[in-house]
Visitor: 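Here you go, one structure.
Letters go in sequence order (proteins before strands), and every chain restarts at 1.
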Amino acid sequence: MALRLRASLLLGVLLFTLPALAIDPMPFRDDVERQRFRALADELRCMVCQNQNLADSDAPLAQDMRNEVLRMIQAGQSDAEIKSFLTDRYGEFVLYRPPVNRATWLLWFGPFILLLAGAIALFVIVRRRARALPSKEIPSEEPW
Amino acid sequence: MIRYLIPVLLFAALAVLLFTGLGKDPRVIPSALIDRPVPEFSLPELRDPQQQVSHQDHLGDVHMVSVWASWCPSCRVQHPALHELAREHGLPLVGLNYKDEPGEALRWLNQFGDPYQSIAYDPDGRVAMDFGVYGAPETFVVDAQGKIRYKHIGPIDRATIDDTLRPMIAELRAERVDGP
């Protein structure tokens, strides 16, 4: 009895963990198609709920965009063609992975540059402090 | 003394940068279509489905494409502005009725007035996607050569008309006399 209960509970939990595309099931013709679609939908941004990718968003526009992506996959378009179709209309913002070019250079490398600058500053300051004789650092013997 | 000011200055610079960022609306994405030809389309006219509305209809005139729908509350807010643009500035308005139901759309126009020269009926939003539309209302200013010159996201208000649209329309109209 306990075993059957555990088995049903396990089945129940497993059913809830099946990867869910946000909404309507899509008519994939095969696994390759589904995987290509998932890969693209994860990398494209929903233009309405701009913090969600196309795979997760509930917005009607996201559904339209998903339909369009699938239509293009089934029409034999390449990933690059699909992405440029969308960037032609919505700009580079629609890509969650922005291309590395002059415009996005600061976005990609800025944080590392700041980190490096901070590390260098820290290094210089610590070294300068270490060089100074301790007696010079200690303030006079006056009470606080 | 200067050495101790450096972190303060860096902080001030960062603060200014972030503060100006706060004032910007993250939902407004610059259009990818500026200075490019208006997307090709041919859709049935909402008020007379036997007729077709196409991207070439107003070639030769500065005009505006206005994405709207009866389910869009901001469209109602901006509607007087559209009336003003059509009436006082003689600006041809092409409506793009976005993902709407024709009965509802016509009822809406009956109630709030119809400033449109033509209204393209786009129920599945396919043409709107070509325009890079991601909500309503959105407005495109198209020059006489059929190139999109400006996109306004969200309702058009007094400030938009006075500060942006009116000068822009005058400028674009002056443009066409000189040729491409």
Visitor: Take atom CZ in B:R166; do more than 12 heavy atoms of anything else shown fall under 6.0 Å from it?
Guide: yes
Visitor: What verdict does the side-chain contact (heavy atoms from CB on, under 4.5 Å) test give for A:Q50 and B:I29, after you've listed the backbone C-alpha separation in whole Å, the side-chain angles of each residue and the deciding distance to 0.1 Å?
Guide: CA-CA 10 Å; A:Q50 290 161 1; B:I29 318 286; 3.8 Å; yes
Visitor: Find out if a path of hydrophobic residues (ILVMFWY) with successive side-chain heavy-atom gaps under 4.5 Å connects B:I6 to A:I120.
Guide: no
Visitor: Let me know if A:E92 has heavy atoms under 4.5 Å from chain B in its side chain, its backbone, both or neither.
Guide: neither
Visitor: Within a 6.0 Å radius of atom CG on A:L106, are there more than 12 heavy atoms belonging to other residues, nucleotides or ligands?
Guide: no
Visitor: Between B:R126 and A:D64, does at least one N-O distance fall below 4.0 Å, as a salt bridge requires?
Guide: no
Visitor: For atom CD of B:E40, is the number of surrounding heavy atoms from other residues, nucleotides or ligands below 6.0 Å larger than 12?
Guide: no
Visitor: Quick one: do A:M47 and B:V133 satisfy side-chain contact (heavy atoms from CB on, under 4.5 Å)? Show the steps, please.
Guide: CA-CA 9 Å; A:M47 295 302 293; B:V133 169; over 6 Å; no
Visitor: According to a hydrophobic-cluster definition based on side-chain heavy atoms being under 4.5 Å apart (Ile, Leu, Val, Met, Phe, Trp, Tyr only), do A:W108 and A:F112 belong together?
Guide: no
Visitor: Determine, using the 4.5 Å side-chain heavy-atom cutoff (strictly less than), whether B:W71 and B:V67 are members of one ILVMFWY cluster.
Guide: yes
Visitor: To check you understand the geometry: which heavy-atom pair defines the closest contact between B:Y134 and A:V48, and what is its length?
Guide: O-CG2, 3.5 Å
Visitor: Is it the side chain or the backbone of A:F93 that comes within 4.5 Å of chain B heavy atoms, both, or neither?
Guide: side chain
Visitor: Closer than 3.5 angstrom, by distance alone: can the side chain of A:Y90 be matched with the main-chain N or O of B:F131 as a donor-acceptor pair?
Guide: no
Visitor: Tell me whether B:R36 contacts the main-chain N or O of A:D88 through its side chain, where contact means a donor paired with an acceptor under 3.5 Å.
Guide: yes
Visitor: Mind listing the closest non-hydrogen atom pair of B:M129 and A:E68 along with its distance?
Guide: SD-CG, 4.0 Å
Visitor: For a quick test of reading the model, state the closest non-hydrogen atom pair linking A:G91 to B:A32 and the distance between them.
Guide: N-CB, 3.5 Å
